Amino acid sequence: MGVYHAGSRAVQDQVGVRVQADHVGRSIGRGIREVAAAFLELQPLLVAGAADPATGRVWASPLTGAPGFARATGPHHVTVAGGWLPADPLATAFATPGTPVGTIALDPRTRRRMRLNGRLEPTARGFAIEADQVFSNCPKYLQKRESYEIVPDRRTGEARHGTELTSAQAGFVSAADTSFLASVHEGGADVSHRGGNPGFVRVDSPGELSWRDYPGNSMFLTLGNLAADPRAGLLLLDWTTGTALQLTGEAHTDFGPERRVRFTVRAAVETPSALPLRWSAPEYSPANPDPAD
């Protein structure tokens with residue numbers, strides 16, 4: 001299979017951007033360049049997406065550690081030294097050889113991001129990934145946060161499970177300026193970033209979310225995956241308290257005057273104080289549209 005599968009091609013053709021997608025797609029390769037390896041090694045946060053082998057549900061999970069916990073160990077390999085949550089929905093996936101996994105390393109300090117997708121193999125300290133796709137994205141819709149600090153005495157709270165959003169969780173979603181969307185296709189997985197001013201993710205009901213699909217790189221990897229397989233996972237973080245909200249369900253795209261993704265929640269896991277990181281206040285991207293528009 002080439003860079004794009006049938007789902008992505010169908011979306012590109014529907015939107016009329018196949019030529020642009022072919023051009024941008026040349027940036028996707030299997031090799032991890034030196035600049036990408038150096039970038040990855042500086043990051044204290046990695047987001048991984050996969051399907052749970054036990055349930056088939058797709059989740060996006062935050063992994064944290066001292067810079068260097070995720071690092072390139074060769075031109076096509078990355079190792080990750082643990083860092084996932086105690087009750088992570090993807091714990092089984094991280095321990096299952098051959099699991100397709102997507103990852104994104106995002107640095108709010110520089111508005112840079114790197115994506116690496118492949119298959120994982122468990123290791124004594126975590127897992128390794130053999131890369132199938134490695135590429136970077138532009139800084140659009142990425143909020144800048146100048147610095148972070150480790151909060152050494154922060155203790156992860158007990159995970160709260162549900163099948164729809166509570167009122168407090170709905171407020172959490174409405175206040176978010178960043179989300180991570182995990183999706184899958186036959187033989188692969190991916191995690192992409194979605195950002196905007198607070199309110200860009202709309203809570204339509206306790207079990208339904210939606211957001212505008214802002215113009216991007218024209219590859220439509222995520223929407224292409226959803227066209228082929230609607231299973232999806234959504235991760236939202238509180239960049240101050242470290243709380244993580246993980247949602248799983250299905251998503252589909254409405255193609256109309258305003259292209260919109262609609263996400264149906266099937267399960268939710270909220271973990272208070274999940275991450276030991278406290279980031280500075282955001283400077284919103286100048287590319288962010290007004291959510292009211």
Side-chain angles (χ1 to χ4, degrees), residues 35-49 60-71 80-86 88 103-116 136-157 168-182 191-203 211 214 216 234-247 269-292:
V35 65
F39 171 80
L40 180 62
E41 198 163 341
L42 292 173
Q43 307 312 316
L45 170 67
L46 184 74
V47 176
S61 296
L63 288 73
T64 59
F69 87 103
R71 61 189 305 169
V80 180
W84 54 86
L85 303 179
D88 198 295
T103 67
I104 182 169
L106 181 153
D107 191 341
R109 297 165 294 184
T110 59
R111 286 194 171 119
R112 293 173 60 199
R113 48 188 158 164
M114 164 191 171
R115 287 158 72 177
L116 184 147
S136 60
N137 291 132
C138 73
K140 258 186 176 182
Y141 319 123
L142 217 166
Q143 322 322 328
K144 185 171 186 178
R145 289 174 162 89
E146 291 283 357
S147 62
Y148 73 90
E149 61 178 326
I150 302 292
V151 184
D153 58 349
R154 182 176 286 171
R155 297 292 179 264
T156 301
Q169 289 168 346
F172 185 103
V173 172
S174 296
D177 59 46
T178 301
S179 66
F180 299 92
L181 182 61
V191 181
S192 60
H193 157 271
R194 294 292 187 267
N197 291 341
F200 85 100
V201 180
R202 192 172 72 192
V203 179
W211 58 88
Y214 299 149
L234 192 67
L235 169 68
L236 302 105
L237 301 174
D238 185 317
W239 296 82
T240 302
T241 68
T243 294
L245 179 62
Q246 295 167 274
L247 308 175
V269 180
E270 180 186 358
T271 308
S273 304
L275 311 185
L277 308 175
R278 180 163 55 213
W279 291 83
S280 57
E283 175 187 325
Y284 296 123
S285 169
N288 290 349
D290 185 336

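Note that the structure is predicted; figures quoted are calculated from it, not measured. These numbers come from the heavy atoms of this one structure, side chains and all, not from hydrogens, waters or symmetry mates. Quick note: residue numbers are just sequence positions, from 1.
With hydrogens and angles disregarded, a donor-acceptor distance shorter than 3.5 Å links the side chain of Arg113 to the backbone of Cys138. Side-chain atoms of Thr243 never come within 3.5 Å of backbone atoms of Asp238 as a donor-acceptor pair (strictly under, hydrogens ignored). Between the side chain of Gln143 and the backbone N or O of Asp177, at least one donor-acceptor pair lies under 3.5 Å. Gln246 places a side-chain N or O within donor-acceptor distance of the main-chain N or O of Ala60, the cut-off being under 3.5 Å. The main-chain N or O of Ser192 is never found under 3.5 Å from a side-chain atom of Arg115 such that the two would form a donor-acceptor pair. Arg111 places a side-chain N or O within 3.5 Å of a backbone atom of Leu142 that can act as its donor or acceptor partner.
When every heavy atom of Gly157 is checked against every heavy atom of Thr271, the shortest pair comes out as O-CG2, 3.8 Å. Among all heavy-atom pairs drawn from Gly196 and Asn288, the shortest one is C-ND2, 3.5 Å. The minimum heavy-atom distance between Leu245 and Glu270, with the atom names listed, is CD1-CB, 3.9 Å. Pairing each heavy atom of Trp211 with each of Leu181, the nearest pair is CZ2-CD2, 3.8 Å. The shortest non-hydrogen separation linking Ser280 to Arg145 is O-CG, 3.4 Å. Smallest separation of non-hydrogen atoms from Gly82 and Leu63: O-CD2, 3.7 Å.
Looking only at side-chain heavy atoms (C-beta outward), Tyr284 and Pro198 come within less than 4.5 Å of each other. In this structure, the side chains of Leu106 and Val47 stay at 4.5 Å or more apart for every pair of heavy atoms. Between Pro272 and Thr241, every side-chain heavy-atom pair lies at or beyond the 4.5 Å cut-off. In this structure the side chain of Leu237 never reaches within 4.5 angstrom of the side chain of Trp279, judged on heavy atoms. Using a 4.5 Å heavy-atom threshold, the side chains of Leu275 and Tyr148 count as separate. Here the side chains of Leu85 and Ser61 are not in contact, with every heavy-atom distance at 4.5 Å or above. For the pair Lys140/Ser285, no side-chain contact is recorded, criterion being any heavy-atom separation below 4.5 Å from C-beta on. A 4.5 Å side-chain heavy-atom check between Leu277 and Ile150 finds at least one atom pair inside the cut-off.
Residue Asp107 holds its CG atom at 10.0 Å from NZ of Lys144, rounded to the nearest 0.5 Å. Leu46 CG to Arg71 CZ: the interatomic distance, rounded to the nearest 0.5 Å, is 14.0 Å. For the atom pair OG1 of Thr178 and OH of Tyr141, the computed distance is 14.0 Å after rounding to the nearest 0.5 Å. Remark: Leu42 CG to Arg109 CZ distance equals 6.5 Å, nearest 0.5 Å. Leu40 CG to Thr103 OG1: the interatomic distance, rounded to the nearest 0.5 Å, is 7.5 Å. Gln43 CD to Ile104 CD1: the interatomic distance, rounded to the nearest 0.5 Å, is 11.0 Å.
Using bins of under 30°, 30° to 60° and over 60° for the plane-to-plane angle, the ring pair Phe180/Trp239 lands in the tilted bin.
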